[in-house]
Amino acid sequence: MKYWLMKSEPEVFSIDDLAKSKNQTTYWDGVRNYQARNFLRDEIKIGDKVIFYHSNSEPPGAAGICEVVKEGYPDFTAFDPENHHYDPKSKMDSPTWFMVDIKLIKKFFHFVSIDEMRENKKLQTMKLLQRGNRLSVIPLTKQEYDEIVRLGK
DNA sequence: GCCAACGTTGGC
DNA sequence: GCCAACGTTGGC
């Protein structure tokens, strides 16, 4: 089993939106970065755990835990010219972009802000905290994942 | 294949 | 709203 951190802007889609979704499940659409795409297509498996991270918010931080319930399949929003994430390069018969489905396990009792993560000794090596990081799907070690979950309660 | 210009991300 | 960092694009 692997561990991941996925970023979402809560103005667009927050953990509360996920909690209100049918079966508390959503498809993770709109990833348009090749490195993140490779994770979604090739590496993220059913049962993997995901930290749901709020980016571009006040404050940014980890909001809860999810589980992968469907593995990489074509991101259909890329095929829809009306969609904000439309990409004419992605074809139905050879899709460029992929997504997975995730289901909410729980919203953290305590929101773990990025400041709190920066101050935590066990989380120093997280890619999330490294300078200039812009990846929206980030692998975590089990130790990092467990520590965030511990902080979030 | 280089690299300047441009667009996006995301913390602050 | 600013801007550093980074990825992508496109002219050459």
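To find a chain, count down the sequence lines: A is the first, B the second, and so on, and within it residues start at 1. When reading the values below, keep in mind they use all heavy atoms of this one structure, side chains included, and skip hydrogens, waters and symmetry mates. Since we're looking at a predicted model, the values are computed, not measured.
- Taking every heavy atom of residues 6-16 of chain A and every atom of DNA chain B, pairs under 4.0 Å involve A:Lys7, by number.
- No salt bridge links A:Lys103 with A:Glu67; every basic N to acidic carboxylate O contact stays at or beyond 4.0 Å.
- Nearer to the 5' terminus of DNA chain C, by closest-nucleotide assignment, is the contact made by A:Asn56 (compared with the other of A:Lys89 and A:Asn56).
- A:Arg37 has no carboxylate O lying under 4.0 Å from a charged side-chain N of A:Asp42, or vice versa, which leaves the two without a salt bridge.
- The outermost nucleotides of DNA chain B lying under 4.0 Å from heavy atoms of chain A, listed 5' to 3', are B:dG7 to B:dC12.
- Comment: A:Asp93 does not engage A:Lys91 in a salt bridge, judged by the lack of any side-chain N to carboxylate O separation of less than 4.0 angstrom.
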Would you tabulate the side-chain donor-acceptor contacts of residues 4-13 of chain A under 3.5 Å, counting partners in other chains and residues two or more places apart, or write 'none'?
{"unit_1": "A:Trp4", "atom_1": "NE1", "unit_2": "A:Asp48", "atom_2": "OD2", "d": "2.9"}
{"unit_1": "A:Lys7", "atom_1": "NZ", "unit_2": "A:Leu135", "atom_2": "O", "d": "3.0"}
{"unit_1": "A:Ser8", "atom_1": "OG", "unit_2": "A:Phe13", "atom_2": "O", "d": "2.6"}
{"unit_1": "A:Glu9", "atom_1": "OE2", "unit_2": "A:Asn56", "atom_2": "ND2", "d": "3.2"}

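- The side chain to side chain donor-acceptor pair (under 3.5 Å) with A:Asp146 is formed by just one residue from the set A:Arg150, A:Lys142, A:Gln143; it is A:Lys142.
- Using a 30° and 60° split on the angle between ring planes, A:Tyr34 and A:Trp97 fall in the tilted class, from 30° to 60°.
- A donor and an acceptor atom, one from each side chain of A:Asp101 and A:Tyr73, are located under 3.5 Å apart.
- In the model, A:Ser90 has no side-chain atom that pairs as donor or acceptor with a side-chain atom of A:Asp87 under 3.5 Å.
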